[in-house]
Amino acid sequence: MNPIITELEKENVKKSIDDFMVGDTVDVHVRIIEGEKERIQIFNGVVIARNKGGINENFTVRRLVSGEGVERVFPLHAPRVEKVEVKRRGRTKRAKLYYLRERVGKATRLKEETRPSRALKKAQGKSQSK
């Protein structure tokens, strides 16, 4: 790859991203511009897909609004995405959860998993190595 492009990607990649995976319930804080005003809107739902690819990484979040499914695709490193908060960790056996599109109500629930965050793992690794 071109070294100039690589350098530009390094500058624009977010460093402080909460570790989340497919199946997790997340709150995505998105910066919305309405006229001259700017505010943060929270979109919460289940991550049904995550496409990795450096600066072009994106993820799809699905939620139900008035019985209708709504999906949004967010570029992970976009300046409009303020932060991604993990509310609940879901246990899945698949990389893409597109089968949730046909399900409604209790059938969309995923089992909860207790896995530590990446930051917690790093802290535990540093304390053990000393």
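Side chains are part of it too, since the values below use all heavy atoms of this structure and drop only hydrogens, waters and symmetry mates.
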Going by heavy atoms in the side chains, are [X] and [Y] under 4.5 Å from each other?
{"X": "Glu85", "Y": "Ile42", "value": "no"}
{"X": "Thr60", "Y": "Lys96", "value": "no"}
{"X": "Val30", "Y": "Arg72", "value": "yes"}
{"X": "Val81", "Y": "Val28", "value": "yes"}

Going through the distances and angles, do Met21 and Thr92 end up as a side-chain contact (heavy atoms from CB on, under 4.5 Å)?
CA-CA 9 Å; Met21 295 172 60; Thr92 61; over 6 Å; no

Taking side chain to side chain donor-acceptor pair (under 3.5 Å) as the test, write out the residues that go with [X], two or more places apart.
{"X": "Glu38", "result": "Arg31"}
{"X": "Asp27", "result": "none"}
{"X": "Glu68", "result": "none"}
{"X": "Asn56", "result": "none"}

Does Val26 offer a backbone N or O that forms a donor-acceptor pair with the side chain of Asn44 under 3.5 Å?
no

What pairs of residues pass the ring pair (Phe, Tyr, Trp, His ring centres under 6.0 Å) test when at least one of them lies in residues 55-101, not counting sequence neighbours?
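Residue pairs passing ring pair (Phe, Tyr, Trp, His ring centres under 6.0 Å), neighbours aside: Phe20-Phe59, Phe43-Phe74, Phe59-Phe74.
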
With a 4.5 Å cut-off on side-chain heavy-atom distances among I, L, V, M, F, W and Y, is there a chain of contacts connecting Leu100 to Val73?
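Different clusters.
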
Is it the case that one hydrophobic cluster holds both Leu64 and Leu97, taking links as side-chain heavy atoms less than 4.5 Å apart, direct or via other members?
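Leu64 and Leu97: separate clusters.
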
Among residues at least two apart in sequence or on other chains, which ones pass salt bridge (Lys or Arg N to Asp or Glu O under 4.0 Å) with [X]?
{"X": "Arg88", "answer": "Glu112"}
{"X": "Glu34", "answer": "Arg39"}
{"X": "Arg101", "answer": "Glu71"}

From Gln41 CD over to Ile32 CD1, what is the distance, rounded to the nearest 0.5 angstrom?
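If I round to the nearest 0.5 Å, the distance is 4.5 Å.
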
